[in-house]
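Notes to accompany the following structure.
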There are 2 protein chains.
Amino acid sequence: MAIALRPSQALRLWQQVALHEVENGMPDLSTRQLSILFTIYLDPPPHTVRGLASRLSVSKPVITRALDTMGALDLVSRRRDDADRRNVLIGRTVAGALFVERFGDVVIAKAAELPT
Amino acid sequence: MAIALRPSQALRLWQQVALHEVENGMPDLSTRQLSILFTIYLDPPPHTVRGLASRLSVSKPVITRALDTMGALDLVSRRRDDADRRNVLIGRTVAGALFVERFGDVVIAKAAELPT
DNA sequence: ATTGAATGATACGGTCCCGTAACGATGTAG
DNA sequence: CTACATCGTTACGGGACCGTATCATTCAAT
C-alpha cells in the first residue's frame, strides 16, 4: 500500500535525516551526487555516463566529475565495457553498498520516530 | 502513528525526490545546506550562526558560507539582533518558504507513488 | 582505408566551499 | 576605563564544481 505523509512529516523526515548525516560527519553529498549514487544502486545495470546524464537531464561532464569525487570516496567504480570500448560501465563497491544500506536504515529510523 | 518503511521504500523515496529536484533544475543544495534550511524553517526561532553551528556540530564559517549562498538564492535572510548587536538573527523569506513547501509536496507525491 | 558518429574525458575561467586562524564589533565584569 | 569573553565575518591556500567547448578513443558504414 502507498505511504501517506503529511507536509510536516515529510519535511521533518528530511530534516532529521539530513541532520543525522551532518552530525555524524558523513560525506556532504549534493542532491545531484545523491541522485546519481542511488540510481546506480537501485536501478538495474548497466549504467553509463551517457545514460546517467540523460536520466538526470544534465551534461556529461557533470556525471564524470561526480564519478570522480564519489570514486575517490570509493562509493562507485568505473570500468571499460569490453563489448564496446567507448563505454564506461559504472558499478557498485562494497563501501558504496554499505553507505546506501546505512542511509536507508537512517531513513527508516527517523520515519519511525515521526510524531503522528 | 509512526511511519513504517521498508529499506527498498526508504531508498527509492530518496532517489525519486533527488531525481525530481535535479531534473527540474532546482538549486543543487548539499546535505549541509538542506539541514540548515530545514532547521530554520521547521524549528522555532530565534536562529543564530552559533546556534546552528552547535546544532550541526560544524564550525561557524560553515554556517556563514551556507547563509551567503542561500541568501544569494533568497532562501534565507539575515538581520542584526537589536537586543545584542553581536548576534545575527536568521530568518525566513517568501522564496524560502515556497521552496520548502514545494519540497514537502514532492516528498508526499513520491511517497504516495511507492510500490508496496 | 576513410569518413563520420558516438562516448567519455579534459581544458578553461570562474565560483563556491573547505578547515584553520585571525579579525572587528559588541557586550560584560572588575 | 580597562581587560576579557563572545559573536559573526573575513583571510588564506587548496580542492571541488560549474557550463561550454574541445579532445582522443572507439565503433560503424562506406
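Reminder, nothing fancy here: chain letters follow the sequence lines and each chain counts from 1. Everything numeric in this text was worked out from a predicted model, so none of it was measured.
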| Who passes salt bridge (Lys or Arg N to Asp or Glu O under 4.0 Å) against A/R50, sequence neighbours left out? | none
| said: According to salt bridge (Lys or Arg N to Asp or Glu O under 4.0 Å), who are the partners of B/E23, at least two apart in sequence or on a separate chain? | reply: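 Partners of B/E23 under the salt bridge (Lys or Arg N to Asp or Glu O under 4.0 Å) test: A/R55.
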Side chain to side chain donor-acceptor pair (under 3.5 Å) with [X]: which residues, sequence neighbours excluded?
X	value
B/D68	B/R78
B/Q16	none
A/R102	A/E21
B/R32	none

Give the rounded distance in Å between these two atoms: [atom1] of [X] and [atom2] of [N].
X	N	atom1	atom2	result
A/L73	D/dG15	CG	P	15 Å
A/D68	D/dG15	CG	C1'	13 Å
B/L56	C/dC18	CG	P	11 Å
B/R78	D/dG8	CZ	C1'	9 Å

| With respect to the phosphate group of C/dG8, does any side-chain polar atom (N or O) of A/T64 fall under 4.0 Å of OP1 or OP2? | no
| request: Ignoring backbone atoms, test whether A/N87 places a side-chain nitrogen or oxygen under 4.0 Å from the OP1 or OP2 oxygen of D/dT26. | output: no
Please report, to 0.1 Å, the donor-acceptor pairs under 3.5 Å made by any side chain of residues 86-94 of chain A, with sequence neighbours excluded.
from	atom 1	to	atom 2	distance (Å)
A/R86	NE	A/D84	OD1	3.2
A/R86	NH2	A/D84	OD2	3.0
A/R92	NE	A/I40	O	3.3
A/R92	NH2	A/I40	O	3.4
A/T93	OG1	A/D74	O	2.6
A/T93	OG1	A/L75	O	3.3
A/T93	OG1	A/G96	N	2.9

| query | Do the side chain of A/T31 and the main chain of B/L29 share a donor and acceptor less than 3.5 angstrom apart? | reply |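 Between the backbone of B/L29 and the side chain of A/T31 there is a qualifying donor-acceptor contact (under 3.5 Å).
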| task | Starting from the 5' end of DNA chain D, give me the residue, A/K60 or A/I63, whose nearest nucleotide shows up first. | result | A/I63
| field | Sub-4.0 Å heavy-atom contacts from residues 27-50 of chain B onto DNA chain D, ordered by number | value | B/T48, B/V49, B/R50
| request: Check whether the side chain of A/R65 and the base of D/dG19 form a donor-acceptor pair under 3.5 Å. | output: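 A donor-acceptor contact between them is present.
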Quick test: give all pairs of protein nitrogen or oxygen and nucleotides 26-30 of chain C nitrogen or oxygen below 3.5 Å, distance rounded to 0.1 Å.
from	atom 1	to	atom 2	distance (Å)
C/dG27	OP1	B/R85	N	2.8

| Regarding B/Q15 and B/R12, is there a side-chain donor-to-acceptor distance under 3.5 Å anywhere? | yes
| Which of the following nucleotides, D/dG19, C/dC18, C/dG8, is nearest to the side chain of B/V62? |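 Looking only at side-chain atoms, B/V62 lies closest to C/dC18.
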